[in-house]
Structures are given as structure tokens and as C-alpha cells.
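In the text below, chain A, chain B and the rest are named by the order of the sequence lines, each starting its count at 1.
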Amino acid sequence: MVYYISFILIGIGIYGILTQKNLFKFLVSLTIIDTAINIFIISLGYIEGKDVPIYSKYTPVANFVDPLPQALVLTAIVIGVGTLALGASLLVRVYEKYETLEVEEIAVKEARK
Amino acid sequence: MTIATIFVGILMIISAIYAIEAKKMLDSFISLSLLSLLSVFLFVIMKAPDVAITEASVGAGLTTAVLILALRRIGGDEE
Amino acid sequence: MRRVFALLISLGLILFFVNSLSILPEYGNVELSKVSNAYINKSVNGNNEKVKFGESKDLEDGAANVVTSIVVDYRSFDTLGEVTVLFTSALGVGLILHGFKRKTYGRLPNFILRVSVGILLPLILLFGVYVFVHGHLTPGGGFPGGTIIAAGILLLYLSNEEFDLSKTSKFVESYAGSLYIVVGLVGLAIGGVFLINFLPTGVVGDLFSAGIVPIVYILIGFKVGAELSGVIADLYREG
Amino acid sequence: MISITNLILVFLFGSLISYLLTKANKVLGSIFNFLLTAYALYFLWNIEVGRSEKLFNIFSNVQGSLTVTNLGKFFSLVSFLVLAFVAFFVIDWIRFKPRSYAAFNAFYLLMAGGSLGVFFANDLITLYVFWEIAVLASFLIIPMGDESSKKAAVTYAVMSALGSYMYLFAAFSILNRYGVISFKEVSINLLNEASIGYKWFVILFIAAAGIVKSGIFPLHTWLRKAYGGSPDAFTAAFSGQLSKLGSYVLAISLAVFPTVKMFSPLYQGVPTLNYILIWLGNISIILGTFMAIRQNDMKQLIAYSSVANGGYILVGLATLDSIGFAGGLFHVFNHAIISVMVFLSFAVVILRTGTSKIDEMGGLIWRMPMTFVTYLVGIISLAGIPPTSGFISKWMIFNTLVRHGMFVTAAIAFIGSVGSFLYVFRPLAGVFLGQLKKKHYDLKEASIIMLIPMLLMVALTVLLGVYPKPILDLIVSVETELGIKPLEHAGTIIKTPLGSWNTITVFIMFAVGFIIAFILYLLFPKAKKVELTNQYTGGEFLYNYDLYHYATGFYRFIERLYDKHPSFEKLYEMIGVFFKSIGDFVTGLIYKPSPSGYIFWISIVILILYWVRW
Amino acid sequence: MTALLIAIPLLTAFLFVPFKEKAKFILPIIVLINIVLLFNLSINSVEAMGGWKAPFGIVLVLDSASFYTLLVVNIIFLIISLIPQITENGFSILLLILLASTNGLILTGDIFNSFVFLEITAAAAYIIASLKKNYYGAYKYLIVGSIAGGFYLLGAIYSYVGTGSLNFADISLNLNSSFLPFVSLMLFIGLAVETKILPLAGWVPDVYASGSPLTPAILGTGVTFTMMYLLGRIFITIFNGYFLDVLYIFGLLTLILAEIAAFRQEKLLKALAFSSIAQAGLVLSTISLNTYDAIKAGYFHLLNDATAKIILFVIAATVVGNFMKNKTAGISFSIASFSLIGFPIFAGFRSKLLILQSSFEKGDYLLPTVLLFSTIIEAAYLLKWNVRLWHNENEETKQIPWNIVLITLILALLIIFIGIFPDLYLKVSENITDGLMNYKAYVTTVLGGM
């Protein structure tokens, strides 16, 4: 089930990048795709009826879902936010240079240069 | 659980579409943040509390903050 | 027209992924992989006993939170890389926005914000520290902890236009990161392997357990907090 | 006697020394160049045939080597004759070159070294290596000429690359198929090759390099611009020496690889492939001749004539008949020295007047008579009039064509020969004869150093026209080596099935005729000399003399022939434009103004790969 | 000890954050230390990070392929670090990070770890791409790079699901064959963007032609080499030749289309950027022939291309006006472009011969045809630019720093040296090929005879 959600979200993200013209929207779509991929990865580690992979009072012995995808997703999330921050700062600069965020207007200004 | 998952999923898809199609950037970001929060819910369902916490703080909080700060720096929402 | 095409392409991609379901295991019926099994039973280097909370001790990895033990111990090298990504992007934000002039609003921040920050900030910071100190026991860890600290600092920025922490955050960032590598290098010196867990691991579930895991997580917490607040500072900075 | 390898190395490193010397003193460097090329000429004259040297490992199992063959010796002698003479001319000419003179001399030696390697290469790939060195060096010299030379150089390099890559492709396919690349072993393998198609492919692709270099028909368009634009003294070496590399490769592809034995004959012992090449040569003759007629720039005019003469050489070589092949080889020699004469005299004219447009000059005979004589003898030889050596080679080619019953071809060759009178007369009349222009009143004759190589060439061509034995001996040795029935000759008498030919008789006849003409000239009253300005029409004085200069529209009466003529130059330009527009298209395909485009490609690649492949 | 190759530059980068400006002095020293260290390491060693053995933890594998790739990449960094003028203030520290991440990318034996290092490389590359106010180009690169990174991550996850492990050797041993199409496709998408395979390489002209010499000099050589190595590692060693037919077609397409596009460009740097794409395509299709000779020829050409491209990009971006005032730089430029075209006595000739021979040996006539045809186009535009730069009448000229002149000249002489005595580069490429082709040895080295 969750597979489909993440696939559709990836599709929406791609659709967003393909159709949108505002630079911010690209970052938004990128974040959507990142989130979708993360959900997908986690769902690949989910095992019905198993528990959170933490040894605790409630689960003293191992009865866990797959912890590795979770670890990977932790990394992926942070990498995603790093990229996003870079993108945002580049975007600020682009705006300063062209005074617009619409790709078509930027293209016109690039061509005129 | 399945019904909850489907419900959350549909909400996520809606918020994703809204995030992409929203006219105002701020709406888009808030919708994105909502998407992140919903995904936190999914993570919890899928027994991944570490990821959930990280996503809540990084994905929902920081991402939105960064985007909004960037929006603020270019002089707010134009429309 | 463009939208229709985009829709078709996205649908095609979705179909591509849906097709891949034929090879993927069914949702919820995934088998634990051999690697995860070894991680969970902490038997990578040979340990056939089942791990029990609060009893097993001196395991190869002492973190009760298996995810943490993977992130900071088994796959610590990934985390080093991950920290570096964040570090790079923080650095990049600084470099890219260097010397950027922004129009100032000249408005004083909201009164409520200023007051509430004074009350909330210590709590937020405390919570952040708690999250990464207990990273090996409970959900959480360096990344969310650091982010929470950064969120606190964002509040500080919002409430006080004069506030500037970029110098300090640079130093914290620099030395927390360096210390992470130094920890790895100490491992190299002691155990002959980079990033080896050279401290005693203690009993699973204790606060002082898991060897270098908490230390590394604390360092990561500081580093992430410093980096993210650096990013925020760079994005926020006036003039 | 040093080894050939060392001689080549001396040339390659000598180019560096030459650069430094010329930088220090223009004349000194040029003298160095001359001494080196002259030494090489001496060396080549004395070199014994059959000598072989290892060179380098091309691949771990393939060894490159040099071998002296008669064919290579003949070509290298011709080349270095040209190179040495031009180098001597350059000693004085270079003093007037304002910039990049040092590089000129350096690349000149580099080119010489490269061509030396080409002539003695024993295998396909070694030949290619030296070939490209020569091409590179010549490419580097061309843009030192006038404005148009910049573009010409690139066109030249591209065309040349086209030819040499076809050659390289064939060479590698041979290496892969037989495991050998030396000429001897390859020809043995080719003789035993069963597949006709493969043989065609190999011969045609190897010949392609030669076709480009010697400016044969479909790939001739670079020649006009490259000859017209390159530095004036260099054009002589370019036409006289470098394009002979092309003839050498043609000789290899046709004769060293025994095409007659490899293919069954189509007509009169000539295989289809050779016949096609003969026709290419024919088209070049026609095209070169007729395009030369309408050129106003004298260098470009002779450039087209080079196309025609390349055609003659190819026709001669491709017949693979004892006399025809000899004629082709002899024409290689003739055209080399003709080029030197004609282009060097042009170089002097351009140096003195500063222009190469025919209608901007006139009457230079009064100021530079020796240059005029050089040019005159050059064009006489070019048009194939006895007693010059040019007659002998053309006669041998015609003889063969008639004897083989190729009447159409022979007719075309005759037309080309007659046409050459038309075009060579244009610079003669426009530049040297007629009235001297006012601005040219104080022109001087070329200096002694410049005149020496020019006049020596004049002497050489007349001498060999009377006594062609040294060249014929060389040609006989080449033909013996290649297994073609050697030419029968006895010093001055050339024997053919259609009868024999005595050069001395012809010389005497012409000498008598010349004396009679001279007596008549002395007896009859002289024409009155008029100034260019001393003419008027309809009572009005002329203000724009150039317009009424008779060299303007010299052949206007046949200009109509050229209306809407199809031109390969236009075709190649169209191809260039076509590539540019494809380039635009591709750039548009790849380069997008928005990130969407890139993501679009990612998605498309995934979809295509997935749905097509699985 | 292998980990030090990554740890030392990273540590230095972290330490030098507060004083970014000083980093450019430390950079050459660090690179030198790295190279010295590299020579003290034993080949065919596997180092498990944190002491967790192969299929479980992350391992750094130093076999002959990674050793020589490391050597090449580090030397490229050394060259770049010796010309600090082209690096703007503060960017030296990025070069340190880039060094660490390329080293990691080459050494790592873990697919997710390679994703992480890929992202570090990409992040550093985005920032370097933004030099000279080329923010929009960098932004586009960021978007496409992140999407590609996402696909690489998906590929890694799919291979995890198919194998139960993230280790390269384990994947190559145990990957379920039904996963192969998906995994290889996704990894291909991820790598194609970085290795500049054509329909996905649209970011290159913008980024390389920003006018900064640093961007193309490091991204087009060191990073490209690393990515090509990784590509070879994944598709030759791990998938053992699977999917190479697709790479072959894409490589040919890239070669021909990029040359045509380069022919059209009005700006020198853009033309060089497209030429860089084309050469990547050539290398790709050559190594995808998957014979020993072909792979050797491919990496040999990659080396030559890298050597020439450093010269071309650095000079093209620093020299203003014509070469007559900067003769030495001009000569280096010309030598590099002749080498790219493949004139004899220059290194490029050797590699073209090798490529031709190896592809003929494989019985492949398409690659030579396309190669020779595209070389004609390449000759057309490179020679056009050479003539234009040597013979124009542009008076506006400025002297370029002596160390740029010196280093480019040394590299140009190296090109000629390699053209005559190619053994040095041949040895490197032979060793890389040995490492890549020897799939069994790789697996046993990593998994310790499992």
C-alpha cells in the first residue's frame, strides 16, 4: 500500500518539475521526491507485527523491523536538507541576478546577455 | 491500520499536488510541511521512530524554515 | 499540452515503479536481511547469544537503539560522509551568499516573540541536548537534536536583529567535526582500524554504554546544530 | 651516411633549431633550412635502394619500419628538389615577412621531415604517422598567409582529415584481417583475398587519402582557398611537394597493391576500379581547367590548374600501363617543378606589387623580365609544349590513352590541354604584358637570391625536355620494382608501340622555329608603346582605369558558359551549413533553459530503456 | 590506514573552516601527504571501517584499479592546487572536501557509502559550479544532480532488497537476477548525469562555460575520472558486463551528437564543454566493449583527455585576446588540442590507435566509423579555434601568471612524451583494467573467501 503512495508521490514530484516554471517549485518538487523515496525505503524494511528496533523494557529481546533502511533514510534525509539549503541559497542569488524566478524570463535575460 | 495508511496517503497526495500547484509560495511551503508531517505519521506506523523524529525536525521544521527564509530574502511572496 | 505530456511521462514513471513491484517483496512481509539480522543480534564479529535488554553486556556494540548502533557504529563511515554533506552545504551557503546585500525592513521583532523566546529557548536547547545524549537508547540522536538546537537559534535570530552567532557556530562546527575524525583516528591508533569502537560498551540500555556511540552522537549533535544554525544565519543575515 | 631515421629526427629537431635561429636572424635560419634540405637532397640521390630500418613499436606486436624503394626514392627526390629550391628562395623572401617568420621556417622543416618519412614508410600505419605530421605542419603554415587563409586552413585540415581517416580505417581493417601492415605482405594477402567487396573497400579507402591530397574531383574544393591564401613562397612547396604526397599514396594504392592482378580487367586490361579512378581524374581535368579560366586571382587560377594536373597524374598512374604509368610519374616531376616556377614568380610579383589580382597589374615585363621568363617557361611546360619536359609526360599519357582505346578520356585530356592555354594566358597577358600601371613604375626585379632557384628550374625543365634520361632511368627502376613492364627508352628516344619519339629532333625543330620567329620579329616594324592612360572613349578621358583594363573580364566572351554551373564548393558549404543547423538542433535538444528539460530527458531515458529493453 | 586518505583531507577541511582563506596554502601539502601515503599502502588490501567485516560493515578496497585511479585523481588535484590563482577565496576548502569525497568514492566497497560520497562530490560540485556568478547554471545542475542522486539511492535500495546486503562484492555474488534490470537502470541514471552521458548532460555547457577556470579544470578531469572509474567498477566488476550494450549505444550517441553540438558553439568554453561530453561518450563506449584491450584503451584515452582538458580549460579561461602575446600558453593550448584531435606524436594519437585496434579486434566496425567521423568534426572546430586565437588582431591582452604557464607547459610536454613513450600511462590503464576485469579476485579479496 505504502509502495503506491510513494510511487505516486514520486510521479507528482516529476510532474511538478516538468510543468512548473517557478524556481521555488523545483525545490518543492525535489523535496516531495526525496520524501517519497524515504517513505519507500522505510516501507521496504517494514515487517508486519514486528516492533521498533530498540531494545527496551517493552522489547527486551529482538523482534524488530528491519533497522538498516531506517539508518539509511536518516542519512538520506540529512543529505536532502543539505541539498535543499544549497538550492535555496543559489536561488536567492539567481533572484538577485535576474530579479525574477520564472524560468522563461530568466531564459530571455540569459539570451539577451 | 490499513485504512489509516490509505487515508494518510490520500492526504499526502493531495497536499503534494497542492504544494506544486499553489499560486502563493508560502502556501506551497506550508503544504510541503504538512506533507512532511504526514510522512512522519507513516514512519511511526512503520515502526521507525528515529526516522520520524528526524523527519519531523529536519524535514518538516528545517526545510520549511530554510525555504521561508529564502523567500523572505528575495523580498517575500510576489503575486 | 505540456501538462498532458508531463502527466503521461509521470504516469509512465509510476508504471515503471509499479512494474518493479513484481520483484519486490509484498508490503509488510519483508524478510530480515542477513545484514540486519547480524546488526540486531550484534553478531557481526561472531556472537551467537541473543541480546537481552539490561542484561547483555560487553557486546560488540552496546547501543540499545539498533538504528543508532547502525548509524553511529556499524555504518559510522556513512555518517561521517553525511556530516560532510551537511558541512559542505553549510559552507556552500556561506560562500554563495557571501557579500549579498538585502533590503532591510527596519521593523522591530514582535514583542511576544522576544519574551517567549527568553522562556522557550533554554527549554528547546535542553530538549535538543537530551535528544542527542540519549540517542543510543531512545529514538532521536545527533541529527534531530542538532536540528532542535538550530531551531532554537532560529528563534533567537527572529527575536533579535542584532544577534550574530556565525563566528561561534563556525568554531563549534569546525571542532566538533574535527573531533569526530579524531575519534576515528584514535580508533585507528588503538585498534588499528578507522572509527573502531574502542571504548567499553557496557550494558545494553544504560546511559553510559555503547562505547563511542554517545560521544560521536554528541559531537554530531553539536556539529549539526552549529551547521544548521550557520545556514540559518547565512540565509537570515542582514546586509 | 646517416640512417634515414636519424635524418628524419634531424628534421624534426632541426625545426626547433630553425625556430631559434630565425628568431635571432631571419636570414640565418633560412640558410640553415636550405642547407638541411639540400643535404637531404644529396643524401637521397646517393641512397641505396632496399635499405631497411626499424623504427618504433606501434603496438606491442606490430613494428613500424622504413624501407627505401625505388618509388619512394623517386618521389622523395622530386620533393626535396622542390623543397631545397623553395628554401633557397625563402632566404631572401623571408626578409619581407613581418610576422611569424620563425614559425614558418620551423614548420617548413617539420613538413619536410614528415614527408621524408611518408616516402620511406614500409607499412600503412607508419605512413599515416608521418603523413599526419606533414599535414599538421602544412596546416600550421597556411594561416600565416592573407585573411582568407584562416578559413582555408581549417577547410584544408578537415578535408585532409576526411581522407586520412578513411585511409586509417582501411589500414586498421587490414591489420585486423591479416595481422600484417607492411606493403609487401598486405599485397600478398590482398592477392589471395576472395572477397571482391573487401578489396574494393581497401583500395578505395586508401586511395581516398591521395585523392584528397592531390585535389582529385569530389574532394578538391579545399585547394583553391588553401593555395590562394597560404604564404606565397609556401604555395610553391605546397603545390610542388605536398600534393605529391597524394600522388604517392595513389601510386601505392594502385600499383604497390597490384590492382591489375587483384581485379579482372574491364576493358583493355584496365579493371573497373582503375577505370573509375581514371574518370575521377578526367573530371578533375575538365573541372580544373574550366574553373581556372575564370579566376581573377592568379594564385587561385594556378590552384585550379593543380587540380587538372593532379587529374593527369591520376589518369597516368591508374592505367598501370608501362608508358602511362611512366607518364604519370614523369608528370609528378614536371608538375612539381612547374609549380615551383609559377608560384615563385607569383611570389615575387606579389611581394613587389602587394596584390594577387590579375586586373590590378599589367606590363610587369618591363620591370621584372626574369620573373616573366620563369613564368613563361613554366606555363609552356604546363601547357605541354615542347621543348619543355612538360610535353613529354603529357605525350606519354595521351599515347597510352589512345593506345588503350579510351577515346573519350583522351579527348577530355586534349580538351584540358587546350584549355590550359586559355588559362595560363590570362596571367601572362594580365600581369606581365600590356601597359604598366603608374603605381608600378618604380618596381624592381627580384633579387639575385630569389632569381637563382627560379632560373635554375627554367634550365632544368628545358634540359630535361631535351635530355630526359635521368628521370626516365629512375622511372624504369620504379616500374621494374612494381612489376610493370618497364618503359623502353634510349636516352633521348622514347619507344612506344605507336612509334618512338626523339626529344633532340623536336628541340631542334622548335629551336629553328624560334629563330625564324625572332628574325621576323626583328624584321617587321615594332608596335607602338602606349601608356595605360593614353586612351579615351567617346571623347571622354578615363578616370577609372581599372575598369577599362583589358584584364578585367578577360574571358568575358565565355563567361556565359559558367552561368549556373553546379559547384562542389557550394555543396560542401551546404553540408557545412547543414551540420551547423544539426548542431543547433542538437544543442537545443541537450541544452535547456530550464531544469524541466533535463528531468524530461531522465524520465524519457528511463521509459525508453525500460519499455524497449525489457 | 587506507581511511587516512579520506580522513586527512576531511580533517583539514574541518579545521580550516574558521580561516578559509588560509586553506589554499595547506591544500598542496595535504595532497602531497595523500600521495606519499598512497605509495605506502599495500595493494589488494581491504580495510573494514570500524572493524566490521565485509558484507556487514563498510569496507575500503584498495586493489590495483582503485590504487591507480587514486593516484591519477590525486595528481590532478595536486596540479590544480599548484595554481591557486584559479581558485577563489575560500574555495580551496571545497577542493579538500572534493578530494576526500573522490578518494572515498574510489575506495569504497559499499553501494550506499558510494551514494553518500557521490552526494558530497555533487554538493561540492554545485558550489564550485556557482563560481563567476553562474548561479543559474549551478541551480540547474543541482536539480538534475539531486534527481539523479535519488535514482542512484533507489538503485542502491533495490540492490539491498535483492541481495540483503549493500556490499559491492556481495551484490555481484548474490544479486537476484530479476533485480538486475532495475538496479542497473537506476544506477545508470544516477551515474550518467555525472559522467556526462548525453541526453542527461545538458548541465555541462552551462557549468563548464561559466568562465571560471577552476570549474571545468576539476570537474572535467578529476571528478569525471572518478565517475568513470565508478561506472567501470559497477558495470564491469559488479554486474560483470550486464547492461554494457546500452552503455555502448549511449556512448556512441553522446560522441557524435556532442561533437556536432560543439561544432556549432560560438564560445570557446562551450565548445570545449561539449567536447568534454563527447570524449566521455567515447570512453564510455570503448570500455563497454568489455575486452581487456578495449577497457585499457578507454582508460588510456581518459587519461590523455584529462591531461589535455586541464590545459585547454585553464588556458581558455585565463587567456584573453590572442596567443601572440602569450606564446607559451598558446603553444600548450595548441599541443593539447592536437592531442585531442589525435595527430601523431601527441598522446591522443596513441589512444585513438588503441581504441581503433581494440574495437576492430572485437569485430566492431561501428565505433571506429563513428570515432573517425566525429574526429573530423572535432578537428574542424578545434583547429578553427586555434587559428582564430593565434591569428586574430585582438590587442586586448593580459599576461597570465607564470605558474599557470609553467604547469600547462609541463603538461603539454607530458602529452608529447606520452605520445612517444606511452608506457607510463599504459601501465596505469593496464592496472586499472586488471583491477576492474578481475571480478573473482575482487570478490575474494573483499569477502575473504566466502
Just do the side chain to side chain contact (heavy atoms under 4.5 Å, CB included) check on D:Leu609 and E:Phe243 with the steps written out, would you?
CA-CA 10 Å; D:Leu609 277 184; E:Phe243 208 67; 4.0 Å; yes
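- Proximity to chain D (any heavy atom under 4.5 Å) is shown, for E:Tyr141, by neither the backbone nor the side chain.
- Here the CD1 atom belonging to D:Ile604 is positioned 11.0 Å from the CG atom belonging to E:Leu200, to the nearest 0.5 angstrom.
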Is there a side chain to side chain contact (heavy atoms under 4.5 Å, CB included) between D:Val154 and E:Tyr381 once you walk through the steps?
CA-CA 8 Å; D:Val154 179; E:Tyr381 68 84; over 6 Å; no
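- Interface remark: of the candidates E:Trp390, E:Tyr139, E:Phe151, E:Phe151 forms the most heavy-atom pairs closer than 4.5 Å to chain D.
- In this structure, the portion of E:Pro205 lying under 4.5 Å from any heavy atom of chain D is its side chain and not its backbone.
- With a 4.5 Å cut-off on non-hydrogen atoms, E:Leu353 touches chain D through its backbone and its side chain both.
- Both the backbone and the side chain of D:Val158 come within less than 4.5 Å of a heavy atom of chain E.
- Listed options D:Phe585, D:Phe172, D:Trp601 were ranked by heavy-atom pairs under 4.5 angstrom with chain E; first place goes to D:Phe172.
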Please test E:Phe346 against D:Leu136 for side chain to side chain contact (heavy atoms under 4.5 Å, CB included), starting from the C-alpha separation and ending with a verdict.
CA-CA 11 Å; E:Phe346 301 111; D:Leu136 179 59; 3.7 Å; yes
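- Of the atoms belonging to E:Glu259, not a single heavy atom falls under 4.5 Å from chain D.
- The contact between E:Thr369 and chain D is made by backbone and side chain atoms together, counting heavy-atom distances below 4.5 Å.
- Interface summary for chain D: among E:Ile147, E:Val204, E:Leu371, E:Leu356, the most heavy-atom pairs under 4.5 angstrom belong to E:Leu356.
- Ranked by non-hydrogen atom pairs under 4.5 Å with chain D, the options E:Asn386, E:Ile277, E:Val144, E:Leu142 are led by E:Val144.
- At most 12 non-hydrogen atoms from other residues, nucleotides or ligands lie less than 6.0 angstrom from NZ of D:Lys151.
- Contacts with chain E were tallied for D:Ala157, D:Ser173, D:Ser164, D:Ala153; D:Ser173 has the most, counting heavy-atom pairs under 4.5 Å.
- Listed by chain and number, the residues in a side chain to side chain donor-acceptor pair (under 3.5 Å) with D:Thr22 are D:Asn105 (sequence neighbours excluded).
- Contact annotation for E:Ile341: both backbone and side-chain heavy atoms come within less than 4.5 Å of a heavy atom of chain D.
- With a 4.5 angstrom heavy-atom cutoff, E:Leu383 touches chain D via backbone and side-chain atoms both.
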Taking it one step at a time, do D:Val586 and E:Arg264 satisfy side chain to side chain contact (heavy atoms under 4.5 Å, CB included)?
CA-CA 9 Å; D:Val586 172; E:Arg264 183 67 194 102; over 6 Å; no
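- For a residue to count as touching a neighbouring chain, one of its non-hydrogen atoms must lie under 4.5 Å from one of that chain's; by this rule E:Arg388 does not touch chain D.
- At a 4.5 Å heavy-atom cutoff, the contact between E:Ala201 and chain D is made by backbone atoms alone.
- Ranked by heavy-atom pairs shorter than 4.5 Å toward chain D, the options E:Lys384, E:Gln357, E:Glu361 are led by E:Gln357.
- Contact annotation for D:Ile606: both backbone and side-chain heavy atoms come within less than 4.5 Å of a heavy atom of chain E.
- Taking each heavy atom of E:Leu185 and D:Tyr610 in turn, the nearest pair found is CD2-CB, 4.1 Å.
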For D:Phe169 and E:Phe360: C-alpha separation, side-chain torsions, deciding distance, then whether ring-ring contact (aromatic ring centres under 6.0 Å, His included) applies.
CA-CA 10 Å; D:Phe169 191 84; E:Phe360 269 116; 5.3 Å; yes
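- When side chains are defined from C-beta on, E:Phe274 counts as touching D:Thr587, because their heavy atoms get closer than 4.5 Å.
- With values rounded to the nearest 0.5 angstrom, E:Leu198 atom CG is found 8.5 Å from D:Leu589 atom CG.
- Neither the backbone nor the side chain of D:Met166 comes within less than 4.5 Å of any heavy atom of chain E.
- Interface residue D:Ile582: backbone and side-chain heavy atoms are both found under 4.5 Å from chain E.
- Among the residues in residues 591-598 of chain D, those with a non-hydrogen atom closer than 4.5 angstrom to a non-hydrogen atom of chain E are D:Tyr591, D:Lys592, D:Pro593, D:Ser594, D:Pro595, D:Tyr598.
- Heavy-atom distances place the side chain of D:Phe139, and not its backbone, under 4.5 Å from chain E.
- For a residue to count as touching a neighbouring chain, one of its non-hydrogen atoms must lie under 4.5 Å from one of that chain's; by this rule E:Lys327 touches chain D with the side chain only.
- Ring centers of E:Phe349 and D:Tyr128: under 6.0 Å apart, within the cut-off.
- Within residues 373-380 of chain E, the residues that have a heavy atom under 4.5 Å from a heavy atom of chain D are E:Phe373, E:Thr375, E:Ile376, E:Ile377, E:Ala380, listed by number.
- A distance of 11.5 Å separates CG in D:Asp584 from CD1 in E:Ile260, rounded to the nearest 0.5 Å.
- Residues forming a salt bridge (charged side-chain N to carboxylate O under 4.0 Å, His left out) with E:Lys196 (at least two apart in sequence, or on another chain): none.
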